[in-house]
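Structure record follows, encoded as structure tokens.
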Number of protein chains: 2
Amino acid sequence: MRNVSQSTVRRLSVYVRVLEDLERRGGETVSSRGLADRAGTTSAQVRKDLSYFGSFGKRGLGYSVPELLKSLRAILGLDRAWGVAVVGAGRIGQALARYPDFADKGFDVRAVFDNDPQKIGQRWDDLEVLDVGDLPQVFRERQIEIVILATGAESAQSVANQVVACGVRAILNFAPVKLQVPAGVGLNNVNMVPELESLSFALTNPQATARGVSGASQEPS
Amino acid sequence: MRNVSQSTVRRLSVYVRVLEDLERRGGETVSSRGLADRAGTTSAQVRKDLSYFGSFGKRGLGYSVPELLKSLRAILGLDRAWGVAVVGAGRIGQALARYPDFADKGFDVRAVFDNDPQKIGQRWDDLEVLDVGDLPQVFRERQIEIVILATGAESAQSVANQVVACGVRAILNFAPVKLQVPAGVGLNNVNMVPELESLSFALTNPQATARGVSGASQEPS
DNA sequence: TGTATCTTGTGAAAACTTTCACGTGAAAGT
DNA sequence: ACTTTCACGTGAAAGTTTTCACAAGATACA
């Protein structure tokens, strides 16, 4: 299973979402085409993506929805719970800490931290905002493996260093900075400004953008 | 300026951020290498990205920070203000509506909408949550061009249809669904769950992931 | 059993993106 | 003026990802 591209992994996530939806509706099987249409890609892409991990379908029939779902969950590591902490209790941090879809997927937000005395002690549902000073102890006690970093740009790197020192294995970074983390620590960035800017670009330069616009199925019927 | 890839546009955004930072620190010029190191890419990539749009540097010297910044802003359409509305006044919608970096870049959030009577009428800073029923009128009056869609998955498509009917030109979608929009309407998706899932994948399959991990400069010194 | 139909899995081709490497122009110092 | 150094801009090469197209397994039905 060497060398799976980032884009493939992102698409697997989407397949999981689609399959969950199909399962909820009682779908038994689905073809690569059916999956592709719902996920916004092509049937060949679906088959190629899956082929990196094995062989899941039946020729002439398609894929069993529950079986493929189970396999994909195992591949993505969604067949277990992950201990997650949010650092930065601003509006974004708050929204993320209480984002219901995370919990649904096994991303279990077990702590929220801030360094602002005004915020420390606030209660959100069953979460209490803790002092960043307590990071090491709480991380150990609650088995935090993934951090969602939602601080401002200034403090992001220093917080990253701290949580890495606490043994965190991956960071999802919302701060608009390029974080430096040691090899072996996973890092993904979510940047909302570039997303808007790329829309602004598309609106400003319509010639340069015949791409990723429409919505219809990517393949001929 | 044909066929500029999405990745190039995203990197241009990053270059703008880096250049703003350099300008603030009083930097006069920067080399492709200097820009690359700060943006987390390579000097060749920087030069190639810029080459799609023209020739901005001086050989042997590098790029003038203020001039390149000005050019890139014009290319990305950041030399003007954009009328933005947020639809969906949940926690995510609220965080986005008041996200200070949007305003800084000329993305001017002029309205927030929801369909929940509980939320309609709430005031956040100088924004009031409005009834989605008033979309058409408010969009016209406040010249909304871009919508940030932060509703639940169920209502996302129907809201998208409405705002497209109101003449919106681009949508930044935070709902976990593949939206169908007519050709000519820009669409970008921000999916937070797949970001976490790709970290979960990396932690679960260390063999498959020797990629995008570290932090050090991509080029030899 | 045989035929028709369906849809996977996969090499090979095409398309796209990144990296290399070098000619060229510009500045600085002697 | 001459030499050295620097760093851009850019075709060509390398690498990566997506699409194509088809052999082969599976089912259905006469």
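Order of the sequence lines fixes the chain letters, A, B, ..., with proteins taken first and strands second; residue numbering starts at 1 for each chain. Everything numeric here is computed off the predicted structure, so don't read it as measured data. Note: hydrogens, waters and symmetry copies are ignored here, and every other heavy atom, side chains too, is used.
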- Could I get the full list of side-chain contact (heavy atoms from CB on, under 4.5 Å) partners for A:Arg17, not counting sequence neighbours? A:Val14, B:Pro176, B:Asn191
- ring pair (Phe, Tyr, Trp, His ring centres under 6.0 Å) involving B:Tyr15 - partner list, sequence neighbours excluded: none
- Message: Please list all pairs meeting salt bridge (charged side-chain N to carboxylate O under 4.0 Å, His left out) that have one or both residues in residues 82-98 of chain A, counting only residues at least two apart or in different chains.
- Response: A:Arg98-A:Asp125
- Task: Go through the structure and list residues passing ring pair (Phe, Tyr, Trp, His ring centres under 6.0 Å) with A:Phe102, not counting sequence neighbours.
- Result: A:Tyr99
- Item | B:Ser198 side chain to A:Val9 backbone, donor-acceptor under 3.5 Å | no
- Message: Applying ring pair (Phe, Tyr, Trp, His ring centres under 6.0 Å), can you list everything that pairs with B:Phe113, at least two apart in sequence or on another chain?
- Response: B:Phe139
Report, one pair per line, the protein and nucleotides 6-8 of chain C atoms (nitrogen or oxygen only) whose separation is under 3.5 Å.
from: C:dT7; atom 1: O4'; to: A:Gly60; atom 2: N; distance (Å): 3.0
from: C:dT7; atom 1: O2; to: A:Gly60; atom 2: N; distance (Å): 3.3
from: C:dT8; atom 1: OP1; to: A:Ser32; atom 2: N; distance (Å): 2.5
from: C:dT8; atom 1: OP2; to: A:Ser32; atom 2: OG; distance (Å): 2.5
from: C:dT8; atom 1: O2; to: A:Arg59; atom 2: NE; distance (Å): 3.3

- Query: Which whole-number value in Å describes the distance from B:Lys48 NZ to C:dC20 C1'?
  - Reply: 10 Å
- Note on the structure: Sorted by chain and residue number, the side-chain contact (heavy atoms from CB on, under 4.5 Å) partners of B:Ser71 (sequence neighbours excluded) come out as B:Phe56
What donor-acceptor contacts under 3.5 angstrom involve side-chain atoms of residues 22-29 of chain B, with partners at least two apart or in another chain?
from: B:Arg24; atom 1: NH1; to: B:Asp21; atom 2: OD1; distance (Å): 3.0
from: B:Arg25; atom 1: NH1; to: B:Asp21; atom 2: OD2; distance (Å): 2.6

- Query: For residues 15-23 of chain B, which residues have at least one heavy atom under 4.0 Å from DNA chain C?
  - Reply: none
Output a table of nitrogen or oxygen pairs between the protein and nucleotides 28-30 of chain D separated by less than 3.5 Å.
none

- For A:Ala170, side-chain contact (heavy atoms from CB on, under 4.5 Å) partners two or more places apart: A:Ile146, B:Leu199, B:Leu203
- Task: For B:Arg10 and C:dT17, give me the distance from atom CZ to atom P, rounded to whole Å.
- Result: 13 Å
- Write out the stems for DNA chain C, ordered by first number and formatted as range with range, counting runs of at least 3 consecutive Watson-Crick or G-U wobble pairs under 3.5 Å. C:1-30 with D:1-30
- A:Leu35 CG to C:dG9 C1', straight-line distance once rounded to whole Å: 15 Å
- Should the pair B:Arg10-A:Glu197 be classified as a salt bridge under the 4.0 Å nitrogen-to-oxygen rule? no
- Take atom CD of B:Gln6 and atom C1' of C:dT18, then tell me their distance rounded to the nearest Å. 17 Å
- Out of D:dC20, D:dT17, C:dT19, which nucleotide sits closest to the side chain of A:Ala44? D:dC20
- Take the protein atom CZ of A:Phe53 and the nucleotide atom C1' of C:dG9, then report the distance between them rounded to whole Å. 15 Å
